[in-house]
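Just below is one structure, and these are the notes that go with it.
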Amino acid sequence: MELGIEGRVALVAGGGRGLGRAIALTLAREGVDVAVLARTASEVEAVAAEVRALGRRAVALACDATDSDALGHALDRVRSTLSDPTILVLSQAAIYEPRKLQFVEADEVRRLLDTDLLSAVELCRRCLPAMMDARFGRIVALGSVAAHAGVSGGTLYSAAKAALEGMVRGLAVDYSRRGITANVVSVSFADTERLSGRVQGDQEWRDKLVRATATRQIPAPAEIADVVTFLCSPRAAAVTGTVVEATAGGHLNNLW
Ligand SMILES: NC(=O)c1ccc[n+]([C@@H]2O[C@H](COP(=O)([O-])OP(=O)(O)OC[C@H]3O[C@@H](n4cnc5c(N)ncnc54)[C@H](OP(=O)(O)O)[C@@H]3O)[C@@H](O)[C@H]2O)c1
């Protein structure tokens, strides 16, 4: 199936590694030019170089997505080097530090919600006007089973992920008639560096994660990236305001 996505411009927030990197590269393979945004300059530059090696244009944006002014400058750079992005992937919202709420300091609450929720809101807010002008837009936020399942020590992470689902429903109602769709792709676990960092040779824990899937296979980042890329394409025009469970069936059990 032709996705019809070639020549479009995507901004992948959190594109420096993990799922965001896989998504940036899959989009590039489908002919999309990609702006790669994260804080670590060496990582965004490396991914931008990989995008260029695939024959597409890229811009590396070393930027903290919680800094609204910095985001404004980063978007100016995307506009001047590529053009306005009409595809926005939100893969930056990744702070998950398991701790019961009474042990979380007030400034940590703010840092987590700034990263895992408010940066996504701000990116949407800044990208929507150009999507409206283009009468085409695709917003895909990476979510988590934690939005529905209670996860011990993950109160704020769950709250942020549930709010992202509410955000895409609201966006869908307000913007879909302008050709702009908004969806969450929800993940339980994916085989990223982040996961290997947490498993750290603990085979028992890894086995438990495998058993938590229905497929008995932890999804590879490229598999999640395929789902996201489809939703970013014109072919997915009928899908908006939804949560797509790319969990290998992991959302069906209550192991969390
Ligand atoms: N991997 C999983 O198993 C899994 C499971 C459920 C949900 N998810 C969701 O999927 C998304 C991606 O997860 P991942 O595993 O790929 O995470 P990851 O490997 O930790 O990557 C996160 C990316 O976001 C960037 N980032 C973090 N804070 C940022 C900030 N303030 N401003 C700009 N960029 C920032 C990071 O780069 P810098 O640190 O350099 O900024 C990095 O490029 C997250 O929303 C996560 O909650 C993942």
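Note that ligands are numbered from 1 as they come in the structure, with each ligand's atoms numbered from 1 the same way.
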Tightest non-hydrogen contact, residues V140 and V185, listed as CG1-CG2, 3.7 Å
Of E45, R56, R21, the one forming a side-chain contact (heavy atoms from CB on, under 4.5 Å) with E50 is R21
Cation-pi check, R8 to F136: give yes when NZ or CZ is under 6.0 Å from the six-membered ring centre and within 45° of the ring axis, no otherwise. yes
Applying side chain to side chain donor-acceptor pair (under 3.5 Å) to D84 and not counting sequence neighbours gives R79
Q: Carefully, step by step, assess E204 and K208 under the rule salt bridge (Lys or Arg N to Asp or Glu O under 4.0 Å).
A: CA-CA 6 Å; E204 213 174 298; K208 186 177 161 188; over 6 Å; no
| query | Is there a donor-acceptor contact under 3.5 Å linking the side chains of S119 and Q92? | reply | yes
At a 4.0 angstrom heavy-atom cut-off, ligand 1 is contacted by G14, G16, R17, G18, L19, L37, A38, R39, T40, C63, D64, A65, T66, S91, Q92, A93, A94, T115, L142, G143, S144, Y157, K161, V187, S188, F189, A190, T192, R194
